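Everything below concerns the one structure shown next.
Here the structure is a predicted model, which is why all the values come from computation and not from measurement. Counting from 1, the numbers follow the sequence of the chain as shown.
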Amino acid sequence: MKKFDVISGDDLDAALNRQIAQQREWLSLDENGQFIDFMGRPFLVEQGVFPPGDDTIQLIESLPVLKGKNVLDFGCGTGAITIAAVIKGAASVVAVDINPAAVSNTIQNTDQWGFDDVVKVMECDGLPEFEEGVAFDLIVANLPGRNRTSTTYTEAAQWDTSFKAHTSLFEKSGEILTSDGRILIAKSNYPELNDVVELANANGYSCSVRNVDAPIPDDPRRSYILEFKAI
């Protein structure tokens with residue numbers, strides 16, 4: 001199994017403090033949310049929802065051409081990756097999130113882009129159960145970076161209690177991926193990065209690095225785009 005260098009000690013404490021500050025910022029938005037410029041259009045970010053960040057852009061840039069493909073966006077947040085997948089040619093996208101505000105946010109953003117006819121948005125704690133015969137060519141997931149207990153939906157955007165979402169993804173995805181399907185995930189270099197790879201390997205997936213961001217001076221954080229496929 002590939003082992004990644006990860007942050008620890010004071011660097012990890014500083015990263016946690018940054019996450020807490022980010023969550024407070026997201027919750028401080030007006031109850032109607034705010035519009036930002038994203039992909040050349042006004043884009044709604046609702047109160048308490050994880051906004052598009054550098055890792056979102058990195059993941060979008062790593063998407064393959066998706067003409068005619070069926071995509072599952074697991075942990076859809078604002079719907080940024082869902083919209084990007086449709087722009088890349090996806091025939092259909094199912095967007096899933098545990099947070100009701102994120103579900104509402106994705107619906108509003110996909111509606112304003114006119115993509116509501118190819119996008120289905122679902123609220124679910126974990127990977128949904130699908131009807132027999134439903135299969136996806138690509139699962140895209142920008143899941144929480146840390147295995148920490150979350151007590152609110154906003155915390156759950158960054159902390160995956162008992163690694164529940166990750167476990168659900170790798171234990172259930174084999175039932176809904178096509179024979180040559182892929183999973184594409186954005187992961188920062190927290191200690192859990194290696195846990196994700198180990199979990200994937202244990203469930204029959206190999207891992208490769210599709211993209212890694214450029215280092216920032218005096219910042220130990222790195223962001224990886226990982227691709228998983230069945231062995």
Side-chain angles (χ1 to χ4, degrees), residues 18-63 66 70-88 90-128 130 136 138-146 150-161 164-166 168-169 184-188 223 225:
R18 279 192 291 267
Q19 287 188 322
I20 293 171
Q22 287 174 324
Q23 292 166 19
R24 290 172 178 162
E25 180 181 350
W26 303 339
L27 288 168
S28 70
L29 294 181
D30 181 87
E31 63 179 10
N32 295 317
Q34 70 175 14
F35 281 91
I36 63 173
D37 180 54
F38 186 72
M39 294 190 289
R41 290 195 187 187
F43 191 84
L44 177 65
V45 178
E46 290 200 14
Q47 184 184 72
V49 178
F50 193 119
D54 292 341
D55 56 346
T56 311
I57 300 298
Q58 189 183 2
L59 190 47
I60 288 172
E61 290 176 347
S62 300
L63 290 175
L66 295 169
N70 298 318
V71 176
L72 173 62
D73 180 5
F74 185 42
C76 57
T78 59
I81 294 170
T82 291
I83 288 171
V86 178
I87 292 173
K88 289 267 190 173
S92 70
V93 182
V94 175
V96 178
D97 206 287
I98 188 177
N99 186 353
V103 170
S104 168
N105 204 157
T106 295
I107 290 172
Q108 292 190 67
N109 279 327
T110 53
D111 282 357
Q112 72 150 337
W113 278 70
F115 293 159
D116 52 301
D117 59 331
V118 294
V119 174
K120 179 180 180 180
V121 189
M122 303 173 63
E123 180 184 333
C124 189
D125 181 6
L127 209 63
F130 292 98
F136 297 95
L138 178 69
I139 298 176
V140 186
N142 196 354
L143 295 178
R146 301 299 315 278
S150 58
T151 59
T152 68
Y153 287 125
T154 300
E155 289 178 351
Q158 293 184 310
W159 303 337
D160 183 13
T161 303
K164 184 177 180 179
H166 290 83
S168 175
L169 172 61
L184 207 59
I185 297 182
K187 297 307 299 181
S188 295
S223 180
I225 304 300

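Put simply, the side chain of Thr161 gets close to the backbone of Ser150: a donor and an acceptor are under 3.5 Å apart. Between the side chain of Asp160 and the backbone N or O of Pro144, no donor-acceptor pair lies under 3.5 Å. When atom types are taken as modelled, the side chain of Asp97 and the backbone of Cys76 share a donor-acceptor pair closer than 3.5 angstrom. With hydrogens and angles ignored, the 3.5 Å screen pairs no side-chain donor or acceptor of Ser168 with any backbone N or O of Ala165. Put simply, the side chain of Gln47 never gets that close to the backbone of Ala101: no donor and acceptor are under 3.5 Å apart. A donor-acceptor pair under 3.5 Å is formed between the side chain of Thr154 and the backbone N or O of Gly48. Side chain of Thr110 to backbone of Ile83: no donor-acceptor contact under 3.5 angstrom is found.
Between Phe43 and Phe38, the ring planes lie tilted relative to each other; the angle falls in the 30° to 60° range.
Minimum heavy-atom separation, Asp111 to Asp116: OD1-CB, 3.0 Å. Closest of all the heavy-atom pairs between Glu155 and Thr152 is N-OG1, 3.1 Å. Residue Ile60 comes nearest to Ala80 through the heavy atom pair CD1-O, 4.1 Å, listed as atom of the first residue, atom of the second, then distance. Across Pro51 and Thr56, no two heavy atoms sit closer than the pair O-OG1, 4.4 Å. Looking at every heavy atom in both residues, Ile81 comes nearest to Asp73 through CB-OD2, 3.7 Å. Across every non-hydrogen atom of Leu59 and Ala186, the tightest pair is CD2-CB, 4.1 Å.
Residues Phe115 and Ile87 are in side-chain contact: their nearest non-hydrogen atoms beyond the backbone lie under 4.5 Å apart. A 4.5 Å side-chain heavy-atom check between Ser223 and Asp54 finds every atom pair outside the cut-off. Counting heavy atoms from C-beta on, the side chains of Arg41 and Gln112 never come closer than 4.5 Å. The shortest side-chain heavy-atom distance between Phe130 and Val94 falls under the 4.5 Å cut-off. With contacts defined as side-chain heavy-atom distances shorter than 4.5 Å, the pair Val96/Leu127 does not qualify. A 4.5 Å side-chain heavy-atom check between Pro52 and Ile36 finds at least one atom pair inside the cut-off. Looking at Gln158 and Arg146, their side chains never come closer than 4.5 Å, going by heavy atoms from C-beta outward.
Atom CG of Leu143 and atom NZ of Lys187 lie 6.0 Å apart (nearest 0.5 Å). The CD atom of Gln23 lies 9.5 Å from the CZ atom of Phe50; values are rounded to the nearest 0.5 Å. Rounded to the nearest 0.5 Å, atoms OG1 (Thr82) and CG (Leu72) are 9.0 Å apart. Residue Trp26 holds its CH2 atom at 12.5 Å from CD of Gln34, rounded to the nearest 0.5 Å. How far CG of Leu138 is from CG of Leu63: 6.5 Å, rounded to the nearest 0.5 Å. Rounded to the nearest 0.5 Å, atoms OH (Tyr153) and CG (Leu27) are 14.0 Å apart.
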For a side-chain hydrogen bond (donor to acceptor under 3.5 Å, both in side chains) check, start with the C-alpha distance between Ser92 and Asn70, then their side-chain angles and the critical distance, and finish with the verdict. CA-CA 5 Å; Ser92 70; Asn70 298 318; 2.7 Å; yes
Gln58 and Ser62: CA distance, side-chain angles, deciding distance, side-chain hydrogen bond (donor to acceptor under 3.5 Å, both in side chains) verdict: CA-CA 6 Å; Gln58 189 183 2; Ser62 300; 6.0 Å; no
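Other residues, nucleotides and ligands place no more than 12 heavy atoms under 6.0 Å from the NZ atom of Lys164.
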